[in-house]
Amino acid sequence: MTKLLKSLWARFLFQDKGVLPSKRLLFVFLLLSLILSIGTVWNIAWEYVIAANIIVFLISLVDLLFSPSKKQLFFQRSIADELERGIPYTVKIEVQNPSVYPISYRLVDSLPQTFERPFPIVGSIPKEATAEISFDTTAMVRGKYELNKLYFRYTSLLGMWEKQVTVDLKDSVKVIPDLTETKQYLENAQRYLVYEGLKIRRQRSGVGDFSKIRNYVIGDDPRKINWRQTAKLQEVMTNEYEPEHGKYITILMDCGRMMGAELSQGNRLEQALEAALTVTAAALQKGDYVSVLAFSKNIKVYVPPAKGMAHLQTILQAIYDVNVDAAESNYAAVLQYLETVQKKRSLLLLFSDVRTFLHEESALVLLKRLRKRHLFLMIGIEDQTLLRRVREEPNSLQAAMRKSIAQQQILIKKREKIKWEKQGLQMIEAREDKLAVTAVSHYIEIMNQNLL
């Protein structure tokens with residue numbers, strides 16, 4: 001294909017600049033040709049047919065003059081620097097038309113294919129006016145993206161021709177994990193920790209270090225009343241306690257092949273990332289030190305421990321674009337690496353696939369050694385397909401076989417989990433929609449019991 005043909009083809013695909021005949025012009029020529037062709041039956045000379053087409057073409061060229069030049073239009077894009085995965089965001093395009101000609105337009109922005117693309121956007125802009133074009137988009141895949149181009153087509157006064165402009169508008173956008181649950185926890189921790197609508201895991205009163213003296217409210221433990229301050233202020237005052245701050249939390253993120261299993265909302269890694277960020281926010285808010293290690297076959301990311309809510313942004317920027325690898329996870333390598341970087345006693349919170357991890361005998365040996373210094377907790381996502389098979393009614397021979405195999409798999413997993421738990425290595429599984437709240441609840445429970 002020659003360079004000219006490539007350029008013409010790109011224009012029709014909204015990927016180049018130039019002038020194109022509009023559908024209206026093509027329809028006019030088609031209608032005119034049809035009428036004149038029928039007219040030749042009554043001996044209309046072909047010279048008249050050709051002359052009529054030339055006249056219409058010249059009129060269309062005159063119409064082309066009644067439209068703004070490309071240099072008269074100005075564009076500006078407004079988009080957030082960070083977009084959360086799966087959350088709709090509004091993108092705004094400002095177009096200035098200082099010319100004396102109104103225009104009708106079609107617009108296509110250079111959003112990546114992983115974004116929702118509601119294009120082309122159609123509208124009109126009056127003369128000597130500025131229009132704000134807005135549309136909603138949702139990013140479904142995390143990562144960093146570059147937006148470079150904006151493709152804009154507008155018509156002449158009679159709509160015979162379309163001018164296409166390719167504008168260089170450079171923006172850099174990061175798609176980060178969905179932080180909805182993290183924000184909910186930071187806004188109201190106690191409301192967020194309503195576990196399955198029934199049980200609330202809260203910090204136990206009177207356990208831990210003394211925090212402050214405050215006014216007594218209904219429901220407080222009368223044994224914690226500070227009688228000295230009550231007599232002094234003539235108001236009932238009570239002591240408030242909270243677990244000791246400054247503990248070390250190490251979050252381990254498995255990015256191996258099994259974490260790519262698709263769920264109803266993203267894959268296992270997506271859910272684990274969002275749950276890990278919620279636990280991170282909870283720990284940092286309480287004054288603990290948090291470090292994060294993402295791994296698969298090799299170490300992908302390591303963020304050293306630090307405290308303070310500003311560290312949440314450091315962790316987010318480090319892990320927002322980690323993806324699932326095709327390789328199996330090397331648990332032994334990551335645990336050996338952990339021994340070298342985490343010297344202080346820490347809660348090791350591993351987000352991984354429980355079923356895969358149970359068969360890692362080499363990891364069990366290393367974890368026995370780590371268990372002497374650290375506290376280990378593994379959190380995985382329940383296999384809903386397996387559970388549905390167990391609950392399935394055996395109405396046929398095939399259904400009975402599926403049910404029995406599923407039950408066998410669950411029994412094998414339970415037996416293996418008991419072997420690990422006897423070594424003091426706790427493992428839990430949660431539904432994908434309860435993963436974050438389960439992780440935070442167990443973190444708070446461990447802190448309340450002063451196990452670190």
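Below, all heavy atoms of this structure are taken into account, side chains as well, without hydrogens, waters or symmetry copies.
Between the side chain of Arg117 and the main chain of Val108, no donor-acceptor pair closer than 3.5 Å is present. With hydrogens and angles disregarded, a donor-acceptor distance shorter than 3.5 Å links the side chain of Asp221 to the backbone of Arg223. Of the possible polar contacts, none joining the Asn239 side chain to the Asn226 backbone as a donor-acceptor pair under 3.5 Å is found. For Lys70 (side chain) and Lys163 (main-chain N/O), no donor-acceptor pair under 3.5 Å exists by modelled atom type. Side-chain atoms of Asn267 come within 3.5 Å of backbone N or O of Leu269 as a donor-acceptor pair. With hydrogens and angles ignored, the 3.5 Å screen pairs a side-chain donor or acceptor of Glu84 with a backbone N or O of Leu179. At distances below 3.5 Å, not a single donor-acceptor pair connects side-chain atoms of His311 with backbone N or O atoms of Lys307. With hydrogens and angles disregarded, a donor-acceptor distance shorter than 3.5 Å links the side chain of Thr230 to the backbone of Met237. With hydrogens and angles disregarded, a donor-acceptor distance shorter than 3.5 Å links the side chain of Tyr154 to the backbone of Pro68. The main-chain N or O of Tyr320 is found under 3.5 Å from a side-chain atom of Arg142 such that the two form a donor-acceptor pair.
For Lys297, the NZ atom is loosely surrounded, since the number of other residues' heavy atoms within 6.0 Å does not exceed 12.
Each of Leu347, Leu348, Leu335 was checked for a side-chain contact (heavy atoms from CB on, under 4.5 Å) with Phe376, and the lone residue meeting it is Leu348.
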message: Evaluate Asp254 against Tyr331 for side chain to side chain donor-acceptor pair (under 3.5 Å), listing each step before the verdict.
response: CA-CA 9 Å; Asp254 183 1; Tyr331 296 103; 2.9 Å; yes
task: Using the side chain to side chain contact (heavy atoms under 4.5 Å, CB included) rule, take Ile125 and Tyr105 through it: C-alpha gap first, then chi angles, then the decisive distance, then the call.
output: CA-CA 8 Å; Ile125 304 176; Tyr105 66 83; 3.7 Å; yes
- request: Kindly determine whether Ser329 and Ser296 satisfy side chain to side chain donor-acceptor pair (under 3.5 Å), including the steps that lead there.
  value: CA-CA 4 Å; Ser329 297; Ser296 58; over 6 Å; no
- request: Begin from the C-alpha positions of Ser172 and Glu146 and carry the test side chain to side chain donor-acceptor pair (under 3.5 Å) through to its verdict.
  value: CA-CA 5 Å; Ser172 181; Glu146 300 294 334; 3.3 Å; yes
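Ion pair Glu339/Arg373 not flagged as a salt bridge, since none of the NZ, NE, NH1 or NH2 atoms sits closer than 4.0 Å to an Asp/Glu carboxylate oxygen. Taking a cutoff of 4.0 Å between a charged side-chain nitrogen and a carboxylate oxygen, Arg431 and Glu382 do not qualify as a salt bridge. Between Glu392 and Lys403, no side-chain nitrogen of the basic residue sits less than 4.0 Å from a carboxylate oxygen of the acidic one, so the salt-bridge criterion is not met. Salt bridge absent: Glu416 and Lys413 never bring a charged side-chain N and a carboxylate O closer than 4.0 Å.
Between Met378 and Val354 the shortest side-chain heavy-atom distance falls below 4.5 Å. Asp109 is not listed as a side-chain neighbour of Ile121, based on a closest heavy-atom distance of 4.5 Å or more. A 4.5 Å side-chain heavy-atom check between Asn298 and Asp325 finds every atom pair outside the cut-off. In this structure, the side chains of Lys149 and Asp168 come closer than 4.5 Å at one or more pairs of heavy atoms.
Side-chain polar atoms of Thr250 and Ser291 form a donor-acceptor pair below 3.5 angstrom. Inspection of the Asp288 and Tyr443 side chains reveals an N or O donor paired with an N or O acceptor under 3.5 Å. Glu94 and Ser78 are not linked by any side-chain donor-acceptor pair at a separation below 3.5 angstrom, with hydrogens and angles left out of the test.
Heavy-atom minimum distance, Leu83 versus Ala80: CD2-CB, 3.8 Å. Shortest non-hydrogen contact noted between Val390 and Ile410 is CG2-CD1, 3.3 Å.
The distance between the ring centers of Tyr337 and Phe295 does not fall below 6.0 angstrom.
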